[in-house]
Student: 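Following this message is one structure expressed as structure tokens.
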Amino acid sequence: MSVAPVNSATPVDTYSPTAQLSIRNVSKVFWGKKDLFSKLAGKKSRDFVAIENISLDIEPNTFVSIIGPSGCGKSTLLNMIAGLSDITAGEILFNNHPITGPGPDRGMVFQNYALMPWMTVEENIRFAVETVYPKWSDKQKNRAIKEHIQLVGLTGAERKHPHELSGGMRQRVGIARALAFSPQILLMDEPFGALDALTRGFLQDEIERIWEQERKTVIMITHSIEEALLLSDRIVMMTRGPAARVDEVLEVPFPRPRNREIIDQHPAYHDLKAEMESHLYRETRAVEEARISG
Ligand SMILES: Nc1ncnc2c1ncn2[C@@H]1O[C@H](COP(=O)(O)OP(=O)(O)OP(=O)(O)O)[C@@H](O)[C@H]1O
């Protein structure tokens, strides 16, 4: 199995020797404000255990989606993998080395695109490439930029600024920028969350096409069951927080290349969909009940 969830409360030692990314007994606590000033200002707050003791092995070249109720800690986990957020307990190994900060081996795609508004499409991508690989020759940089603009279907839009682009085109720039410096893993935090349904569908198809071409390890957060089923090899289902865990990892058996019509006909499609719906319904309902009673 390519992704092994281990929810034991004690440390485990059954990790995959071939995992590219190994999340080992990881917890994240957001520390409350307890200093005197916060107390006097009435802003004293409690520690908050966002995720607790998550273990997960991810093999190279797999597309993994993370799904779970709103606020369960999906972004927190992805940010720790990206090296943007400290790990409170446990460790995350990337190629057997602990992650201690961001690195060129991991590219990130954000829901809100995070483009520099004053830069053109080409300049946005160039900025990322130059930041990560300042020593590349101009020829190398130009080739990487051109290839990735082409890969996401934006040839001809190189000199446009973000405000001249649709949301879908902006996210294509975000994807090209994340891939242009050749990371080993692509991390995507609800990449299509801000897009209308039609554009979202187009971009999902694009990601499937690009994934077929690049076969990079991808970890994607999504709220969409259909999106996860279309794109993923494995789907990690998280429980509600606080102290969120991995509940189950689903294997997605559909052959590739995929499209919506083909997977909809697959005998496993509707069972997997129903299982995910019932998980999300149960966890979301429990969150709502806790809010009502709390
Ligand atoms: N900096 C922070 N300080 C305190 N609590 C935080 C901080 N960042 C996140 N949290 C809390 O941690 C929990 C997990 O947040 P996170 O954003 O990771 O959830 P999520 O599953 O990605 O949510 P969504 O699906 O709504 O995007 C939430 O309860 C959130 O309020």
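In each ligand, atom 1 is the first atom listed, and ligand 1 is the first ligand listed.
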Student: What's the verdict on side-chain hydrogen bond (donor to acceptor under 3.5 Å, both in side chains) for E59 and T18, showing C-alpha distance, side-chain angles and the deciding distance?
Tutor: CA-CA 7 Å; E59 300 291 333; T18 54; 2.7 Å; yes
Student: Just by distance, no angles: are the side chains of N53 and S27 close enough, under 3.5 Å, to form a donor-acceptor pair?
Tutor: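 Side chains of N53 and S27: no pair found under 3.5 Å.
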Student: Less than 4.0 angstrom from a charged side-chain N to a carboxylate O is my criterion; do K74 and D189 meet it?
Tutor: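 Salt bridge: no.
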Student: Given the protein's heavy atoms, is any one of them under 4.0 Å from atom 30 (C) of ligand 1?
Tutor: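 Protein heavy atom within 4.0 Å of atom 30 (C) of ligand 1: absent.
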Student: For the CH2 atom of W136 and the CG atom of N142, what is their distance to the nearest 0.5 Å?
Tutor: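 The CG atom of N142 is 11.5 Å from CH2 of W136, to the nearest 0.5 Å.
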Student: Got the closest protein heavy atom to atom 26 (O) of ligand 1, with its distance?
Tutor: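 Nearest neighbour among protein heavy atoms for atom 26 (O) of ligand 1, to 0.1 Å: S70 OG, 2.7 Å.
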Student: Looking only at protein heavy atoms, which one is nearest to atom 25 (O) of ligand 1, and how far off is it?
Tutor: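 The protein heavy atom lying closest is K74 NZ, 2.7 Å.
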Student: So which protein heavy atom does atom 16 (P) of ligand 1 come closest to, and at what separation?
Tutor: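 The answer is T76 OG1, 3.6 Å.
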Student: Report yes if F30 has an N/O atom closer than 3.5 Å to an N/O atom of ligand 1; otherwise report no.
Tutor: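 Among all N and O atoms of F30, none is under 3.5 Å from an N or O of ligand 1.
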Student: Could you walk me through whether I58 and Q20 pass the side chain to side chain contact (heavy atoms under 4.5 Å, CB included) check?
Tutor: CA-CA 6 Å; I58 296 179; Q20 187 178 30; 5.6 Å; no
Student: Do E158 and K146 meet the salt-bridge criterion of a basic N to acidic O distance under 4.0 Å?
Tutor: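 No, no charged N to carboxylate O under 4.0 Å.
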Student: Does M238 come within less than 4.0 angstrom of ligand 1, counting non-hydrogen atoms of the residue?
Tutor: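 Outside the 4.0 Å threshold, so no.
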Student: Is the closest side-chain heavy-atom distance between V173 and M119 below 4.5 Å?
Tutor: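 Side-chain contact under 4.5 Å: no.
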Student: Tell me whether G73 has any N or O atom under 3.5 angstrom from an N or O of ligand 1.
Tutor: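 There is such a contact, yes.
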Student: Tell me whether G71 has any N or O atom under 3.5 angstrom from an N or O of ligand 1.
Tutor: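 G71 vs ligand 1: N/O contact under 3.5 Å present.
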Student: Quick one: which ligand 1 atoms are inside 4.0 Å of a heavy atom on C72?
Tutor: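 Listed by number with element, the hits are 19 (O), 20 (P), 21 (O).
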Student: Considering non-hydrogen atoms of the protein only, which is the closest contact for atom 27 (O) of ligand 1, and what is the distance?
Tutor: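 That would be E190 OE2, 3.5 Å.
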Student: Is a salt bridge present between R209 and E212, judged by a nitrogen-to-oxygen distance below 4.0 Å?
Tutor: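 Salt bridge between R209 and E212, a charged N being under 4.0 Å from a carboxylate O: no.
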Student: For atom 17 (O) of ligand 1, what's the nearest protein heavy-atom neighbour? Residue, atom name and distance, please.
Tutor: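 Its nearest protein heavy-atom neighbour is S75 CB, 3.9 Å.
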